Amino acid sequence: MTTSTTQQKVEPFLGKWKLVASENFEEYLATTGTPAFIGKLTKGISPKVEVSIEDGKLIFRTIIMVKTLMMVAHLDGESHEVQMPEGSKANSVLSWKGDHLVVTYSQDLGSGEVAENVMERWIDEEGQLVQLMTFTKGGRSATAKRIFARSSKQ
């Protein structure tokens, strides 16, 4: 798929979104290695997500009170090294499953161990952004689902 075709498919995702529902997010965070107290703090926080295209990259900014987390995927569908929100390096690949945008982040943890974070996003029939996140590491896996309502177009 060409970069321009990918840009057209990405168009419905662009803009600003506000969290309206979340399922299993605390367990998902625990599986990623996030400290339990941070997982509990997230229950009362309603993040905003901004999706944009910058320099051939799809940028997901998650704004949480005093911090902004940024995840990047290149539109060309090739594997690229990116920096994850906590500072580690990962390879990211953007792909499509029908109208579902899938970004896979893989990290080599050494000694043959790999952590994989798959973010599948789509726009549902109500125009909401659905984000299904699956993290797998060392035989453990957890999936969370988050739903965002559009707050403004890009």
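This is a predicted model, so every value here is computed, not measured.
Contact between Gly77 and Val93 at its shortest, heavy atoms only, is O-CG1, 3.6 Å. The two residues His74 and Leu94 come nearest to each other via the heavy atoms O-CB, 3.6 Å. Gly127 and Trp17 make their closest contact through O-CZ3, 3.5 Å (heavy atoms, listed as atom of the first residue, atom of the second, distance). Summarising the geometry of Ser92 relative to Ala73, their closest heavy-atom pair is OG-CA, 3.9 Å, with the distance given to 0.1 Å. Across all their heavy atoms, Trp96 and Val10 have their closest contact at CZ2-CG2, 3.7 Å.
You'll find the side chain of Ile53 reaches within 4.5 Å of the side chain of Leu75, heavy atoms only. Within the 4.5 Å cutoff, side-chain heavy atoms of Leu14 are placed close to those of Leu58. For the pair Glu78/His80, a side-chain contact is recorded, criterion being any heavy-atom separation below 4.5 Å from C-beta on. Contact check for Trp122 versus Leu132: side-chain heavy atoms found under the 4.5 Å cut-off. Between Val130 and Lys145 the shortest side-chain heavy-atom distance falls below 4.5 Å. Inter-residue side-chain proximity for Tyr105 and Met71 is flagged as met; some heavy-atom pair is nearer than 4.5 Å. Taking 4.5 Å as the limit, some side-chain heavy atom of Leu109 sits within range of a side-chain heavy atom of Lys137.
A distance of 11.5 Å separates CE in Met119 from CG in Leu101, rounded to the nearest 0.5 Å. Put simply, OG on Ser152 and NZ on Lys16 are 5.0 Å apart, with the number rounded to the nearest 0.5 Å. Separating the CZ atom in Arg61 from the CD atom in Glu54 is a distance of 4.5 Å, to the nearest 0.5 Å. Annotation: the span from Lys48 atom NZ to Lys18 atom NZ amounts to 4.5 Å, rounded to 0.5 Å. Interatomic distance, CG of Leu129 versus CZ of Phe13, reported as 7.0 Å (0.5 Å rounding). To the nearest 0.5 Å, the span separating OG1 on Thr62 from CD on Glu50 amounts to 9.5 Å.
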Using the side-chain contact (heavy atoms from CB on, under 4.5 Å) rule, take Leu19 and Arg146 through it: C-alpha gap first, then chi angles, then the decisive distance, then the call. CA-CA 7 Å; Leu19 182 69; Arg146 301 190 105 188; 3.3 Å; yes
Before giving the answer on side-chain contact (heavy atoms from CB on, under 4.5 Å), spell out for Met133 and Phe25 the whole-Å C-alpha distance, their side-chain angles and the decisive distance to 0.1 Å. CA-CA 9 Å; Met133 307 172 293; Phe25 191 61; 3.5 Å; yes
Intermediate values then yes/no, side-chain hydrogen bond (donor to acceptor under 3.5 Å, both in side chains), Ser111 and Glu113: CA-CA 6 Å; Ser111 303; Glu113 188 176 19; over 6 Å; no
Going through the distances and angles, do Asn117 and Thr104 end up as a side-chain contact (heavy atoms from CB on, under 4.5 Å)? CA-CA 6 Å; Asn117 203 355; Thr104 302; over 6 Å; no
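Looking at Asn24, its side chain does come within 3.5 Å of a backbone N or O of Thr143 through a donor-acceptor pair. A distance-only check finds a donor-acceptor pair linking the side chain of Lys9 to the backbone of Gly98 [under 3.5 Å]. Panel note: side chain Thr31, backbone Glu27; a donor-acceptor pair is recorded below 3.5 Å. Checked by atom type and distance alone, the side chain of Ser79 never pairs as donor or acceptor with a backbone atom of Asn91 at under 3.5 Å.
Phe60 and Val20 fall into different hydrophobic clusters, where Ile, Leu, Val, Met, Phe, Trp and Tyr residues are linked whenever their side-chain heavy atoms come under 4.5 Å apart, directly or through other members. Neither Val51 nor Val118 shares a network with the other; the hydrophobic side chains, linked directly or stepwise wherever heavy atoms of I, L, V, M, F, W or Y lie under 4.5 Å apart, form separate groups for each. Clustering ILVMFWY residues whenever any of their side-chain heavy atoms sit less than 4.5 angstrom apart, transitively, puts Met70 in the very cluster that holds Leu29. Val102 and Tyr28 end up in different hydrophobic clusters when Ile, Leu, Val, Met, Phe, Trp and Tyr side chains are linked at under 4.5 Å.
In this structure, the salt bridge (Lys or Arg N to Asp or Glu O under 4.0 Å) partners of Lys97, at least two apart in sequence or on a different chain, are Glu120.
In this structure, Glu126 does not pair ionically with Arg150, as no charged nitrogen and carboxylate oxygen lie closer than 4.0 Å.
For the pair Arg121 and Phe148, the cation-pi criterion (under 6.0 Å, within 45° of the ring axis) is not fulfilled.
Heavy atoms of other residues, nucleotides or ligands lying less than 6.0 angstrom from CG of Asp124 number more than 12.
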